[in-house]
Amino acid sequence: MSQRVLTTESGAPVADNQNSATAGAGGPILVQDQHLIEKLARFNRERIPERVVHARGSGAYGYFEVTDDVSGFTRADFLSEVGRRTETFIRFSTVADSLGGADAVRDPRGFALKFYTNEGNYDLVGNNTPVFFIKDPVKFPDFIHSQKRDPFTGRQEPDNVWDFWAHSPEATHQVTWLMGDRGIPASYRHMNGYGSHTYQWTNAEGEAFFVKYHFKTNQGVRSLSAEQAAEQVGKDANSHQTDLLQAIERGVNPSWTLHVQLMPAADAADYRFNPFDVTKVWPHADFPLRRVGRLVLDRNPDNVFAEVEQAAFSPNNFVPGIGPSPDKMLQGRLFAYADAQRYRLGINHTQLPVNAPKAAEADNYGRDGLHATRHGSRHDKNYEPNSYAGPAQTGAALASPLAVHGWTGTHEAPLHTKDDDFFQAGELYRLMSADEKDRLIANIAGGLSQVTRDDVIEKNLAHFHAADADYGKRVEEAVRALRED
Ligand code: HEM
């Protein structure tokens, strides 16, 4: 094999990569040393802003295969026939800590999936939790500030974490979930994924359905106790990344089975609670799981920075037959992601290989900007409409229109009068085994007892009492016992 030649960025051969050019053997360095200056300058620019949330993550390629007919519910082409395979890219992540954090921590996990469909990329940006802490996007920056490192102490502060929850009764369900056994997955392979929000499917006849996605792990759900996790972090801060990479390298390809819950759109108005509230699940008794297909991960990225760090998922990337629901949180997210990516990666991040459509082609009149690589032929016009056979609109909406009515304003009241923030937290508590309840109480008390203000503790206790009398009593006793120590 012939020796490859080291070159500058412009391709010129480099004579010496060990000694800088100097004036005399011991003299100062010369500005004319193009290789040195280029090398130092490029190094200074290696880091880009990390994601403001979900900074730490791992990615893998794979495919989604339809196993069951759902063509009566959505006209999405990639779901249109049994056996159809679509290439996918997934990024798993933790939420609160920065890039330098650890994997085995108590935190929700991101489950962000990109389907490279022949009708464009479809992004389903979910978590490993079926619900979320808040239900209005205006609270999101405050929520995240309370969970990330404190600006003064530089670490996550129990005072901030629990103070926010004290003022957010709607978080009680997700807090119960997070403090329970599933709060620390053993690995990315051993957890479920959820779309969490309600989305909309539209079939070929224009009928609309509301839909929730559930990806069930075929590896089985496995979790770590707080003690096991602390040990794991000490041994290997990258334990989830290592596990995923090595499993795929060994050919042990992880897979998930996708199920959906479906609600005819017309039924939403009369449902007993707001079906667009992301702090609540839809009971399976009302909306049974229906199997759709399986997701298989079979290829590691070649370059973590290029493909995982630069990956950009947006809940607003839909394909025909799939669209948003009126869920307020989802509506906020439809804006937030692409906006974050324009800042983090630049306007042309959609042209990076991991983000560009693979089975479809992006063809529009957007042009130029920093780092543009896509350009048409010299005969293409850059305006529309035109008389030169440039790309034109289809006139067909992706999903069916939804009727809305009411007054504009900042409405506090939920849509449905029977909504309350606690009943599903209570149901989740009562579902747990005696051992699970013991660990849940210990985890909550371990955090809440570190809070310095009594009023913040009392407000949080009131939420657990409202969820379930036994739950509230036990958390209260455990917190008091720890504070008296
Ligand atoms: C209004 C509420 C929310 C806002 C404003 C928001 C905003 C963001 C932003 C700005 C990012 C970084 C995007 C990037 O730089 O590429 C992000 C990442 C992410 N968010 Fe959210 N988020 C919200 C709620 C949620 C919810 C409810 C879920 C799950 C159901 C979720 C799942 C994720 C995931 C998985 C990522 C990481 C995506 C990746 O791997 O690149 N977020 N979020």
Side-chain angles (χ1 to χ4, degrees), residues 48-61 88-99 101 103 107-114 121 123-148 164 168 170-171 173-174 177-178 185 188 191-199 211-215 240-241 244 276-281 301 304-317 324-347 349-350 352 354-355:
I48 61 172
E50 64 178 39
R51 288 167 178 80
V52 66
V53 277
H54 296 259
R56 206 179 151 72
S58 305
Y61 293 93
T88 59
F89 179 72
I90 196 164
R91 182 173 176 273
F92 302 108
S93 47
T94 53
V95 180
D97 212 350
S98 38
L99 204 46
D103 285 349
D107 202 13
R109 299 295 186 279
F111 195 99
L113 197 51
K114 192 181 286 294
N121 291 349
D123 291 351
L124 185 57
V125 196
N127 277 342
N128 70 330
T129 61
V131 290
F132 200 70
F133 299 91
I134 50 171
K135 48 178 138 181
D136 193 310
V138 76
K139 295 184 74 165
F140 188 77
D142 299 292
F143 166 57
I144 294 300
H145 288 169
S146 75
Q147 311 293 306
K148 281 182 89 87
F164 185 86
S168 306
E170 71 273 29
H173 189 190
Q174 171 82 322
W177 201 101
L178 182 67
Y188 289 134
M191 63 182 205
N192 294 337
Y194 301 89
S196 312
H197 297 279
T198 299
Y199 289 93
V211 60
K212 278 190 182 284
Y213 296 86
H214 301 244
F215 288 86
H240 288 18
Q241 161 71 17
L244 182 69
F276 310 122
D277 174 353
V278 70
T279 67
K280 294 193 175 67
V281 293
V304 171
F305 180 84
E307 293 159 272
V308 186
E309 191 62 17
Q310 294 196 116
F313 300 86
S314 171
N316 213 2
N317 285 340
S325 75
D327 176 339
K328 282 199 223 178
M329 277 281 286
L330 174 59
Q331 295 284 326
R333 297 181 68 205
L334 301 181
F335 157 74
Y337 288 65
D339 181 62
Q341 290 145 9
R342 286 177 203 118
Y343 164 68
R344 183 168 72 81
L345 302 164
I347 185 66
H349 66 272
T350 50
L352 295 168
V354 68
N355 300 326

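The chain is numbered in sequence order, starting from 1. Heavy-atom basis, side chains included; hydrogens, waters and symmetry copies ignored. Ligands are counted one by one from 1 in listed order, and the atoms in each one are counted from 1 as well.
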To the nearest 0.1 Å, how far is [atom] from its closest protein heavy atom, and which atom is that?
atom: atom 14 (C) of ligand 1; answer: Arg344 NE, 3.5 Å
atom: atom 41 (O) of ligand 1; answer: Arg51 NE, 2.8 Å
atom: atom 40 (O) of ligand 1; answer: Arg91 NH1, 2.6 Å
atom: atom 30 (C) of ligand 1; answer: Ser196 OG, 3.4 Å
atom: atom 38 (C) of ligand 1; answer: Ala112 CB, 3.9 Å

**OP:** State which residues pass side-chain contact (heavy atoms from CB on, under 4.5 Å) with Phe335; sequence neighbours excluded, sorted by chain then number.
**Re:** Asp339
Original post:
Who passes side-chain contact (heavy atoms from CB on, under 4.5 Å) against Asp142, sequence neighbours left out?
Top reply: Phe164
Number the atoms of ligand 1 from 1 as they appear, then name those within less than 4.0 Å of a heavy atom of [X], with their elements.
X: Met329; value: 1 (C), 2 (C)
X: Phe313; value: 39 (C), 40 (O), 41 (O)
X: His197; value: 27 (C)
X: Gly126; value: 29 (C), 30 (C), 35 (C)
X: Phe111; value: 35 (C)
X: Ala340; value: 10 (C), 15 (O)
X: Pro137; value: 1 (C)

Original post:
Would you say Gln341 has any N or O atom under 3.5 Å from an N or O of ligand 1, going by distance alone?
Top reply: yes
Subject >> Straight-line distance of Asp123 CG to Tyr337 OH, nearest 0.5 Å >> reply: 11.0 Å
Original post:
Out of curiosity, Met191 CE to Thr129 OG1, how far, rounded to the nearest 0.5 Å?
Top reply: 9.5 Å
Subject >> Student check: side-chain heavy atoms of Arg51 and Arg56 closer than 4.5 Å >> reply: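 Not touching, per the 4.5 Å side-chain cut-off.
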Subject >> Side-chain heavy-atom pair Val308, Phe89 within 4.5 angstrom cut-off >> reply: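 In short, these two side chains touch, coming nearer than 4.5 Å.
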Original post:
Is the number of heavy atoms from other residues, nucleotides or ligands within 6.0 Å of OH (Tyr343) greater than 12?
Top reply: no
Subject >> Sphere of radius 2.8 Å around atom 21 (Fe) of ligand 1 - protein N, O or S atoms inside >> reply: Tyr337 OH
Original post:
Do you know the tightest heavy-atom contact between His349 and Asn355?
Top reply: O-ND2, 3.1 Å
Subject >> Minimum heavy-atom distance between Val125 and Ala112, given as atom pair plus value >> reply: CG1-CB, 3.9 Å
**OP:** For Lys139, enumerate each residue passing the salt bridge (Lys or Arg N to Asp or Glu O under 4.0 Å) test, keeping only those at least two apart in sequence or located in another chain.
**Re:** Glu170
Subject >> Under 3.5 Å side-chain donor-acceptor pair for Arg333 and His197 >> reply: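 Short answer, yes.
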**OP:** Kindly state whether the ring of Phe92 and the ring of Phe111 have centres lying under 6.0 angstrom apart.
**Re:** yes
